[in-house]
Amino acid sequence: MTTAKNRGQKEEPITALYCRLSVDDDKSDESNSITNQKQILGDYAKRNGYRNTMFFVDDGISGTSFERSDFQRMQQMVEAGQISTIIVKDLSRFGREQVEAGRLTQIVYPSLGVTFISIQENVNSTTGQGMEMLPFYNIFNEWYAKQTSEKIRAVWKSKAEHGKRVSPAVPFGYVKDAEDKEIWHIDEPAAEIVRKIYALCLAGRGPSQIARQLENEGVLIPSAYYTSVGRSHSAKVPVDSCKWDQKTIVHILENRQYTGCAVNFKSTTISYKVHRKIEHPKEEYQIIPNKQEPIISEEKWLRVQELRENRRRNTATGRQSLFSGLVYCPDCGATLYFCAAKSLKPNQEFYCCSNYRSGRGSCTVHYIRNVVLEQLVLEAISDLADFVRCYEPVFLYMLAKKSNALKKAELQRLKHTVEKGQQRIVELDRLIEKVYEDNALGRLSDERYTRMVTSYEKEQKMLMVEVEQSQKTLSESEQQAVDLRLMLRTLRELTDVKELTPTLVNSLIQRIEVHNNDKSSGHCYVKVDIYFTAVGMIDIPTEKEIQSMMKEIREHPQDCRFIA
């Protein structure tokens, strides 16, 4: 800024030279560059005697909104009476939103005694030159912004239809290929942190607990890591470069791209004018598989999502059982409450029915000590692991015989039902619109119109329920297959299980039901039902039963193909 202030003389008002460049502007058009705008504005001010000048610059900001940092700073100085003149290269640099642009240039600035000048359109609000054309310029500038927005969205849609990513953002753990930005490679140091976060979640840790552990271990947050390896990024690095935010942990745990896929259309903006981001429902995401090497397996990612849906809380003592959130009462369906107190030793901690404990229901105690439950589950997992390791074909044969999993033909029928139902729902919408138009134009009587609309709407509601149920069944079937693959992988890797871990429990156990104690035999007996992930309760067969099933498998090998 150059000044023309002499001692004892009133300070000369500022002439604001405003520049703006959008990310959507044509980068090949040098005339719109910030450097070029500054040159043009500076030369114009010098030629026309504007001496006390100050540049205001918004680089990479859309003109469809006036919520720009330097523009707002300029506005505050205008309202404070510090600025007398605003000069822009052309009206599109000032803004592309006709209503606000017109309000400022035609009402606000004249009211405050501020002269607005646009060089290219030869507009001067004080002399009135070019002001009659100002509304039309603003309309065309907004129209251009709208057309640009539509073109960009069309490009996104085309890219997605051809199996390409829409978002340029790369998740922590990946890095773009230097030659081809569409290709992502695993950034191993960062990927190790991502794997650690998932492992901690499977071990029963919540986002805040994971964040604290990473902080205590001195693990750099993503922005600090990028800075340490010399990679450019837009995020600010805080003073404490190891202070993880639990929101960052949640974002990593929910990011499906770690399974090797691309996820398009997660969010959008309200319009080309309103840039506030709105999230799409997960059902509307476009998932493109096998776009990059996975950091996390699909099975592990899905299991983490299940665990996060059933979050567990610590007791007042800070202690948590391995089975918190997994133990249920088979009589009333309530969860069993984990009772831990400072007065109780670890071997005295126990579960009891939450309805019994609260006194809100008529349920009985359903008491079992935590150490006893741990021993029962450990034995059940060990037995199942030994059985699968030795007789996996028999295990799959048992599942195929007992499972209610849908067969291929049934799956195809359900998919056909969903597709046909969705098509008919759309068709019914069109029919309802048509009969409405016919009624409005007098081609259809009110009585006939009412009967037809009622019939269409009734059919549509029934179809919506049928489609929703079919989609739910398909989803459950797919989830069961994924859970089974994770379970088999975990069991195959087990050799000698000596103690339970949260990861083991979370991977293998879906539900535990503790029955009320039975004293009919003169001894206290508690029946415990253990439901394994994807397969439910499993009774290990005897040696004789195994040999019989092995014979059946040899005769009918196709019957043990539970997962294809």
Side-chain angles (χ1 to χ4, degrees), residues 159-160 163-177 180-211 213-214 217 219-226 229 231 233-235 244-267 279-311 475 478-479 481-487 489-490 493 502-503 506-507 533:
K159 285 182 68 176
K164 294 184 178 181
R165 296 185 183 88
V166 168
S167 173
V170 182
F172 180 65
Y174 287 105
V175 61
K176 287 182 180 178
D177 185 90
D180 186 349
K181 303 301 182 185
E182 278 288 319
I183 299 174
W184 291 357
H185 300 295
I186 291 180
D187 181 8
E188 200 53 48
E192 271 305 305
I193 299 170
V194 172
R195 295 186 192 103
K196 183 183 182 72
I197 289 170
Y198 274 80
L200 289 170
C201 184
L202 279 173
R205 303 290 186 89
S208 60
Q209 294 171 313
I210 296 172
Q213 179 166 335
L214 294 178
E217 293 177 2
V219 177
L220 293 176
I221 63 173
S223 59
Y225 169 76
Y226 294 147
V229 296
R231 192 184 307 170
H233 61 92
S234 58
W244 283 76
D245 188 329
Q246 69 177 43
K247 290 181 181 177
T248 304
I249 303 296
V250 170
H251 179 72
I252 289 173
L253 290 173
E254 292 180 349
N255 196 332
R256 191 166 187 168
Q257 292 179 108
Y258 289 122
T259 64
C261 66
V263 182
N264 289 336
F265 306 121
K266 291 178 66 176
S267 64
E279 300 292 333
H280 282 144
K282 291 183 179 179
E283 307 83 61
E284 296 181 15
Y285 291 0
Q286 182 197 39
I287 310 296
I288 306 173
N290 305 319
K291 288 296 292 181
Q292 65 272 345
E293 188 180 349
I295 294 175
I296 302 297
S297 70
E298 179 83 7
E299 297 91 339
K300 184 177 286 187
W301 185 86
L302 287 168
R303 187 58 181 155
V304 163
Q305 308 318 302
E306 288 180 21
L307 291 174
R308 285 190 43 71
E309 286 177 8
N310 302 286
R311 299 171 192 173
S475 177
E478 291 167 0
Q479 181 64 51
V482 169
D483 286 345
L484 180 59
R485 287 197 295 270
L486 176 61
M487 180 188 184
R489 183 184 300 174
T490 305
E493 293 171 356
T503 302
N506 290 331
S507 299
T533 302

Check: Where do R205 and Q209 come nearest, in terms of heavy atoms and distance?
Finding: CA-OE1, 3.4 Å
Next item on the list: Enter the distance from L302:CG to R256:CZ here, rounded to the nearest 0.5 Å.
Entry: 6.0 Å
Item checked: Closest non-hydrogen atom pair between V175 and V170, with its separation -> N-CG1, 4.1 Å
Next item on the list: Rounded to the nearest 0.5 Å, what's the gap from NE2 on H185 to NZ on K176? Could you check?
Entry: 12.5 Å
Item checked: Side-chain touch L214/I249, heavy atoms, less than 4.5 angstrom -> yes
Note to self: Strictly distance-based, threshold 3.5 Å: is any side-chain N or O of Q292 a donor or acceptor partner for the main-chain N or O of C261?
What the structure shows: yes
Margin query: Show the nearest heavy-atom pair for residues G173 and I295, with the distance to one decimal.
Written below: O-CD1, 3.5 Å
Checklist line | Flag, side chain of R303 to backbone of N506, donor-acceptor distance under 3.5 Å | finding: yes
Checklist line | Closest contact, heavy atoms only, Y198 versus E254 | finding: OH-N, 4.3 Å
Note to self: With a 3.5 Å distance limit and no angle check, can you tell me whether W244 reaches the backbone of P222 through a side-chain donor-acceptor pair?
What the structure shows: no
Margin query: I want to check something: taking the side chain as every heavy atom from C-beta on, are I193 and Y225 in contact at a cut-off of under 4.5 Å?
Written below: no
Check: Got more than 12 heavy atoms from elsewhere within 6.0 Å of CG, D177?
Finding: yes
Notebook entry, point to check: Just by modelled atom types, is the L253 backbone N or O under 3.5 Å from a matching donor or acceptor in the Y258 side chain?
Noted result: no
Item checked: Straight-line distance of I197 CD1 to L202 CG, nearest 0.5 Å -> 12.5 Å
Checklist line | Mutual orientation of the aromatic rings belonging to Y174 and W184 [parallel < 30°, tilted 30-60°, perpendicular > 60°] | finding: tilted
Next item on the list: Would you name the heavy atoms of D245 and K247 that are closest together and state the gap between them?
Entry: OD1-N, 2.9 Å
Margin query: Testing the basics here: between I186 and P294, what is the closest heavy-atom pair and its distance to 0.1 Å?
Written below: CD1-O, 3.7 Å
